[in-house]
Chemist: 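The structure follows.
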2 protein chains.
Amino acid sequence: MEARAPRPGVPVRGSASGRPVMAALDLLGRRWTMRILWELSHAPAGFRELQRRCERMSSSVLSTRLDDLTAARLAALHDDGYRLTPLGRDLVEALAPLSAWSRRWAEEMGDAPPSDQP
Amino acid sequence: MEARAPRPGVPVRGSASGRPVMAALDLLGRRWTMRILWELSHAPAGFRELQRRCERMSSSVLSTRLDDLTAARLAALHDDGYRLTPLGRDLVEALAPLSAWSRRWAEEMGDAPPSDQP
DNA sequence: CCCTTGCGCTTCGCTTATCGAAGCATCATA
DNA sequence: TATGATGCTTCGATAAGCGAAGCGCAAGGG
């Protein structure tokens, strides 16, 4: 472990206020964080399997992200690999509408291509 | 404008599949993206005001993020500044449960300090 | 006993993203 | 004409992310 993981109530990158939602935006705005939560919500996974599921994620970043998530109490390492905590499951649940939204987004972007790609 | 903004249906950082939700995770996983959406959802804002609202955000990154969001059709520049599009407003709405979740998170983290800070 | 295989990570040199002070062109008001 | 606001760019410096290699450990053959 090394760098400070964002925690509510404490100033984070981009916000001195310590407002919980800002800590959340900091944590989730780090690369791979949401993807890892996403994958873990489907099924628990060990380090190496998680890496396989997130194609191209570097082991070093996976390691620090798992530290982040562990410090934030959203995930924890068990005998069968990393699992979301109840809090982590709630977060994924809060993020769930993203999936439906992204399909709407895809539709709307599909209609009129943004000036490249034939 | 310069780099490719993530779009659904096209391979993005961390996923070759083009699944819409992966494009969304890529876009939202870039620093400041969600924060900007958050701020714009409260009120439209011009470039410099937006920068003021997002304390410490560098102008160069704000510029590229606004390009990203514009290319993704989530925001657009009007006479009175940047505004969310209807699609952008939907996204913020999909993200709204985060706020409530983060308060629960704050409670749970407040209970037992994570082994530093007296 | 090795020997291989899988595990959870770490290390480290390289590339990319982000930072932030400075500046540019433009418009409005004084 | 000068002052201050706007929307951005530029560019050198720092931080974050990358990925191949490797470490120490444990389990399962041969």
Side-chain angles (χ1 to χ4, degrees), chain A residues 1-6 11-16 22-23 25-40 43-72 74-84, chain B residues 1-6 11-16 22-23 25-37 39-40 43-72 75-84:
Chain A
M1 244 176 242
E2 27 152 325
R4 71 284 166 266
V12 292
R13 297 195 310 182
S15 174
M22 292 303 162
L25 293 184
D26 180 4
L27 181 62
L28 299 178
R30 299 176 177 197
R31 204 173 169 184
W32 294 109
T33 306
M34 287 194 284
R35 172 68 178 267
I36 292 171
L37 290 167
W38 200 264
E39 294 296 340
L40 287 181
F47 188 98
R48 279 172 126 103
E49 197 202 326
L50 207 43
Q51 191 179 13
R52 264 177 308 237
R53 284 207 230 150
C54 302
E55 23 168 355
R56 307 181 174 291
M57 175 169 40
S58 82
S59 52
S60 48
V61 176
L62 176 55
S63 183
T64 71
R65 283 303 167 271
L66 287 171
D67 287 349
D68 290 350
L69 293 175
T70 301
L74 305 181
L77 180 56
H78 294 246
D79 286 351
D80 61 340
Y82 283 91
R83 293 174 152 280
L84 293 183
Chain B
M1 247 175 240
E2 28 150 326
R4 69 287 165 263
V12 291
R13 298 195 309 182
S15 174
M22 292 303 162
L25 292 184
D26 180 4
L27 181 62
L28 299 178
R30 298 176 178 197
R31 203 172 170 186
W32 294 109
T33 307
M34 286 193 284
R35 173 67 179 266
I36 292 171
L37 290 167
E39 294 296 339
L40 286 182
F47 188 98
R48 279 173 127 106
E49 197 202 326
L50 207 43
Q51 191 180 11
R52 259 174 267 126
R53 283 207 231 152
C54 302
E55 22 169 356
R56 310 181 170 293
M57 175 169 38
S58 82
S59 52
S60 48
V61 176
L62 177 54
S63 182
T64 73
R65 284 303 168 272
L66 287 171
D67 288 349
D68 291 349
L69 293 175
T70 301
L77 179 55
H78 294 246
D79 286 351
D80 60 341
Y82 284 92
R83 294 173 152 279
L84 293 182

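As the structure is a prediction and not an experimental result, all values here were calculated from the model. Protein chains get the first letters and strands the later ones, always in sequence-line order, with residue 1 at the start of each.
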Chemist: Quick one: B/M57 CE to C/dG20 P, roughly how many Å, whole number?
Modeler: 11 Å

Chemist: For nucleotides 21-30 of chain C, just jot down a letter per nucleotide in 5' to 3' order: B, S or -, based on protein non-hydrogen atoms under 4.0 Å.
Modeler: BB--------

Chemist: According to side-chain hydrogen bond (donor to acceptor under 3.5 Å, both in side chains), who are the partners of A/D79, at least two apart in sequence or on a separate chain?
Modeler: none

Chemist: Starting from the 5' end of DNA chain C, give me the residue, B/R65 or A/Q51, whose nearest nucleotide shows up first.
Modeler: A/Q51

Chemist: Has A/R52 got a side-chain N or O lying under 4.0 Å from the OP1 or OP2 atom of C/dC7?
Modeler: yes

Chemist: Starting from P on C/dC7, measure out to CD on A/E49 and report it in whole angstrom.
Modeler: 8 Å

Chemist: Looking only at side-chain N and O atoms, does B/S58 come under 4.0 Å of OP1 or OP2 in C/dT18?
Modeler: no

Chemist: What is the separation between atom CG on B/D67 and atom P on C/dT18, rounded to the nearest whole Å?
Modeler: 13 Å

Chemist: Separation of A/L69 atom CG from C/dG8 atom C1', in whole Å?
Modeler: 16 Å

Chemist: Grab the CG-C1' distance between A/D80 and C/dC7 for me, whole Å please.
Modeler: 14 Å

Chemist: Within the structure shown, what part of the strands sits under 4.0 Å from A/L66 by heavy-atom distance: base, sugar-phosphate, or nothing?
Modeler: nothing

Chemist: Which nucleotide in the set C/dG8, D/dG17, D/dT9 lies at the smallest distance from any side-chain heavy atom of B/S63?
Modeler: D/dT9

Chemist: Under the side-chain hydrogen bond (donor to acceptor under 3.5 Å, both in side chains) rule, collect the residues that match up with A/S58, sequence neighbours excluded.
Modeler: A/S60

Chemist: Keeping A/R65 on the side-chain end and A/W32 on the backbone end, is there a donor-acceptor pair under 3.5 Å?
Modeler: no

Chemist: Pick base, sugar-phosphate or nothing for B/L62, based on heavy-atom distances below 4.0 Å to the nucleic acid.
Modeler: nothing

Chemist: Rounding to an integer number of Å, can you tell me how far B/I36 CD1 sits from C/dT18 C1'?
Modeler: 13 Å

Chemist: Check whether any side-chain nitrogen or oxygen of B/W32 sits under 4.0 Å from OP1 or OP2 of C/dA17, and answer yes or no.
Modeler: no

Chemist: Of the listed nucleotides (C/dT18, D/dC18, D/dG19), which one gets closest to any side-chain atom of A/R56?
Modeler: D/dG19

Chemist: Rounding to an integer number of Å, can you tell me how far B/E55 CD sits from C/dG20 P?
Modeler: 12 Å

Chemist: Among C/dG8, D/dG17, C/dT18, which nucleotide has an atom closest to any side-chain atom of B/V61?
Modeler: C/dT18

Chemist: Reckon B/R30 has a side-chain N or O less than 4.0 Å from the OP1 or OP2 of C/dT18?
Modeler: no

